[in-house]
Number of protein chains: 2
Amino acid sequence: MVTSLGLRATKQRAAVLALVDEVADFRSAQELHELLRARGESVGLTTVYRTVATLAEAGELDVIRRADGESVYRRCGSGAHHHHLVCRDCGAAVEVEGPAMERWAERVAADHGYSQVAHTLELFGVCPVCSAAK
Amino acid sequence: MVTSLGLRATKQRAAVLALVDEVADFRSAQELHELLRARGESVGLTTVYRTVATLAEAGELDVIRRADGESVYRRCGSGAHHHHLVCRDCGAAVEVEGPAMERWAERVAADHGYSQVAHTLELFGVCPVCSAAK
DNA sequence: CCCCTTAATGAAAGTCGTTGTCATTTCCAT
DNA sequence: ATGGAAATGACAACGACTTTCATTAAGGGG
Ligand SMILES: [Mn+2]
Ligand SMILES: [Mn+2]
Ligand SMILES: [Zn+2]
Ligand SMILES: [Zn+2]
């Protein structure tokens, strides 16, 4: 999994991968670091930062910015382009797709002569679980 | 303009407002501070930060996050809800609207039981001017 | 297996945008 | 005018993230 990216298989990377594989919600590097510590696997915070950055570049993790600017990561099911509906309270996320919206974005950019266009789109709200827990 | 927001009319706020009124592109607090200094109006950096934050909360300035996380501000023509097509090089922006996309976002959120939903959407590219200047 | 090269780790220090502090200044309602 | 509250700004502090660099440990070649 990690060796196919030309990376060495270290126990730290294994620990991070195992964690993001079972945590479904978006989590920051610091939160992941804390979760690792809680389960006895002590991985340096620097290494967690480096690992999630590497995995994100490789497309293995999705990254989004929370409202406060902190980057949060998550292992997504689909490797295809998609966006997220994210819970502000717990980080729970639903992958969403909007082909029509994608085309609209392309269109708008082209109409104004912009090139090398990318877009960011995230939906934030409170998930049913957190709503119920009020 | 500023008094209608329950704020005192200081020369610093006047200077910042005059600046954002004539700069059409998205600019960071630090960039605005530098521009003020360049034109002889010396306003403290702290005050620039406070002023843009206040104006943004009041809806007088639009804020978006650049890819590096830095907040950039701009005076927009429309007070209505809209998004932006922004040049990565110079900050030039076009206001864009996508009513169909807005409805789609509402729909997706409702379908998944999420409440208090908001969304962020920005289009980034290279504007025609910067493309030409290559 | 055992080296040996080199990638990877991690503690500590540094970066940088942004915010808090607090003494001083300035606005403005009375 | 003048008193009191709001605003300013130099400076320190904050926090997420990165860099540094000495140390550790993969893992391929012998
Ligand atoms: Mn998209
Ligand atoms: Mn919208
Ligand atoms: Zn939730
Ligand atoms: Zn441009």
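Just so we're on the same page: letters track the sequence lines, and every chain starts at 1.
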Checklist entry - Between B:Arg74 and B:Arg27, is a side chain to side chain contact (heavy atoms under 4.5 Å, CB included) present by the stated rule, with each step listed? => result CA-CA 7 Å; B:Arg74 152 176 149 129; B:Arg27 289 284 146 80; over 6 Å; no
Next on the checklist: Would A:Glu102 and A:Glu97 count as a side chain to side chain contact (heavy atoms under 4.5 Å, CB included) here? Give the steps.
Outcome noted: CA-CA 9 Å; A:Glu102 302 287 337; A:Glu97 285 181 58; over 6 Å; no
Checklist entry - For atom CD of A:Glu95, is the number of surrounding heavy atoms from other residues, nucleotides or ligands below 6.0 Å larger than 12? => result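 Yes.
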Euclidean distance, atom [atom1] of residue [X] to atom [atom2] of [N] [Å, nearest integer]:
X: A:Glu41; N: C:dG10; atom1: CD; atom2: C1'; value: 16 Å
X: B:Glu34; N: C:dC16; atom1: CD; atom2: P; value: 16 Å
X: A:Leu17; N: C:dA8; atom1: CG; atom2: P; value: 14 Å
X: B:Leu36; N: D:dG9; atom1: CG; atom2: C1'; value: 14 Å
X: A:Asp68; N: C:dT18; atom1: CG; atom2: P; value: 13 Å
X: B:Glu31; N: C:dT18; atom1: CD; atom2: C1'; value: 15 Å
X: B:Ile64; N: C:dG17; atom1: CD1; atom2: C1'; value: 16 Å

Item to check | Between CZ on residue B:Phe26 and OG on residue B:Ser71, distance to nearest 0.5 Å | outcome: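 Going from CZ on B:Phe26 over to OG on B:Ser71, the span is 11.0 Å.
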Checklist entry - Base, backbone or nothing for each nucleotide of nucleotides 22-30 of chain D, written B, S, -, heavy atoms under 4.0 angstrom, 5' to 3'? => result ----BS---
Checklist entry - Which letters describe nucleotides 13-19 of chain D, given B = protein heavy atom under 4.0 Å from base, S = only from sugar-phosphate, - = neither? => result ---SBBB
Checklist entry - Is any side-chain N or O of B:Arg66 closer than 4.0 Å to OP1 or OP2 of C:dG17? => result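 The answer is no; no side-chain N or O of B:Arg66 sits under 4.0 Å from OP1 or OP2.
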Item to check | For B:Arg37, side chain to side chain contact (heavy atoms under 4.5 Å, CB included) partners two or more places apart | outcome: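 Applying side chain to side chain contact (heavy atoms under 4.5 Å, CB included) to B:Arg37 gives B:His33, B:Glu34.
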Item to check | Audit row: B:Leu45, B:Gln30, side chain to side chain contact (heavy atoms under 4.5 Å, CB included) steps and yes/no | outcome: CA-CA 7 Å; B:Leu45 178 58; B:Gln30 311 215 52; 4.2 Å; yes
Checklist entry - Should B:Glu60 and B:Arg13 count as an ion pair when the cut-off is N to O under 4.0 Å? => result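 The answer is no: the pair does not qualify as a salt bridge.
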Next on the checklist: What verdict does the side chain to side chain contact (heavy atoms under 4.5 Å, CB included) test give for A:Val16 and A:Glu41, after you've listed the backbone C-alpha separation in whole Å, the side-chain angles of each residue and the deciding distance to 0.1 Å?
Outcome noted: CA-CA 9 Å; A:Val16 172; A:Glu41 314 246 25; over 6 Å; no
Checklist entry - With the 4.5 Å side-chain cut-off for hydrophobic clustering, are A:Leu5 and A:Leu19 part of the same group? => result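 Cluster IDs for A:Leu5 and A:Leu19 match.
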Checklist entry - Which residue pairs pass the side chain to side chain donor-acceptor pair (under 3.5 Å) test with at least one member in residues 84-93 of chain B, sequence neighbours excluded? => result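 Applying side chain to side chain donor-acceptor pair (under 3.5 Å) to every pair that reaches into residues 84-93 of chain B, excluding sequence neighbours, yields B:Asp62-B:His84, B:His82-B:His84, B:His84-B:Glu122.
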Item to check | Divergence of helical axes at both termini of the helix from C:dC1-D:dG30 to C:dT30-D:dA1 - five pairs an end, 10° steps | outcome: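 Here the helix ends are tilted 20° relative to one another.
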Next on the checklist: I need the full list of ring-ring contact (aromatic ring centres under 6.0 Å, His included) pairs touching residues 104-134 of chain A, with sequence neighbours left out, sorted by first then second residue.
Outcome noted: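 As it turns out, the ring-ring contact (aromatic ring centres under 6.0 Å, His included) pairs with a partner in residues 104-134 of chain A, which skip direct neighbours, are A:His81-A:His119, A:His83-A:His119.
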